[in-house]
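Given the structure is predicted, the values throughout are model-derived calculations rather than measurements. Residue numbering restarts at 1 for every chain, and letters A, B, ... go by the order of the sequence lines.
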Amino acid sequence: MHPSDTAAPTAEQGLDQQQQPIENGADTGKDDRPSDEEILRYERAIKEAETGASPLISDILGMQGLEKEFASGLEIFQRKVKHLSQTCKGMRTVKRDGNCFYRALSFRFCELLWERRGTPWAQAALARAASTKDIMTEMGYDMSLLIDFWEPFETALKPQEDSKTLLEIFQTEYVSDTIVCYLRLVTAAVLKKYRDLFEAFILDSYPSLDAFIGSQVEPMNIEADQPHIVAISNALGITIRIANLDPTPTDAGVNYHELSPMEPLEVPGDVPEVVLLYRPGHYDVLYPSG
Amino acid sequence: MSSIFTKRLTKELRDLQANPPMGITVQTAEDDLKCWRVTVRGAEGTLYEGETFVLQFKFNNNYPLESPEVVFVDNVPIHPHIYSNGHICLSILYDQWSPALTISSVCLSILSMLSSATKKERPPDNAMYILTAKKSPKSTTWAFHDDSV
């Protein structure tokens, strides 16, 4: 374990370049190094420059943006994008910061709860969401400390009487990240609870399930993969359908990958699902027509 | 900025004072809980038995979403993952931080790291590192490639 002496990421280089003038211009005397606060400010500025000034989650946009993005791409992508344009009424882009899956899922899940407030499904889904606290406790997480992470999610699950829209909630960085973090911890708890099931998929690449959770699930800004998605789908009792925008040939227009919970919510009538758009390394929210 | 910060640290302090894990004592928690000093005592039967060290924790307003800055101060243990300026090479303090971790669990991880050392020595690149390192270890780009100690 050493500080990396190989290629440092650009953030680190950018930091050095930006620090220089401040150091020179700073008051002479006690300490010519930038303060930790300054360093953090620079890091944040650099991160923002890298991910663009894009919001954590956008308004509903038409599909033109996607068409433009792939306009000069492979023909197979263009065909799939065209199919998506014809079958979807819009999408929301989510910030590319490694948290996009959790942010997209939690936003759309809450949005469905707002849209369907008072329905049997909404009641069952709320109860299931609240039960995630029990899974956490059961798996050894200290909910007396982590209740702070549940509370913002609980607030977002319930339609607000005051003027705050769901979008405003999810665009407030601290709140939005806290919700993302809560879902990460729930994902970790479910992986632990069904250890035998998940180990089969994980032990090929990681020494242990706990090592996987410690490096790939709990830390922020680490992308979600199949096991994470299966786990959180089970925790929330929601089907997650993912349009896969990859170069694999298909007759179906676009391949959808569907992950259904092992224990779905048992409610009469139609049950909604969360639909996401996947491109390698990134998830957005998708709104199919009809 | 966030009330989670104060609420969480208040609770952690209370828990640590009421039920301190073996070998861990909070000395001070000052500056509106933003700066703590915690004493850790080397476990019996290890190279650090009988020695005590002081860890300094600094929290920013985004704690516990962001990791605390943790360094040894004053008497820095001689250990292959601890630099002589007090910086600690431990992944959970940097990119593998999770809000499910606490001051207590961080101290325990550091104690366990001390306990598993088989030889008291500085990291091989200590001299170079302390020349170039920034004040906060969180500004270092760490590479973690040894889980055995």
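Between A/F212 and A/V217, the closest side-chain pair of non-hydrogen atoms falls below 4.5 Å.
Between B/H79 and B/H81, the two ring planes are perpendicular [angle over 60°; tilted spans 30° to 60°]. Ring geometry for B/Y63 versus B/W97: interplanar angle of 30 to 60°, hence tilted. Taking the six-membered ring where the residue is Trp, B/Y83 and B/W142 present tilted rings, their angle falling between 30° and 60°.
For chain B, no part of A/Q216 is nearby; none of its heavy atoms comes within less than 4.5 Å. Interface remark: B/T102 contributes side-chain atoms only to the contact with chain A (heavy atom separation under 4.5 Å). Both the backbone and the side chain of A/L145 come within less than 4.5 Å of a heavy atom of chain B. Residue B/N126 does not touch chain A at all, counting heavy-atom pairs closer than 4.5 Å.
In this structure, A/E154 does not pair ionically with A/K133, as no charged nitrogen and carboxylate oxygen lie closer than 4.0 Å.
Chain B forms more heavy-atom pairs under 4.5 Å with one residue of A/S215, A/P152, A/A188, A/A211 than with any other, namely A/S215.
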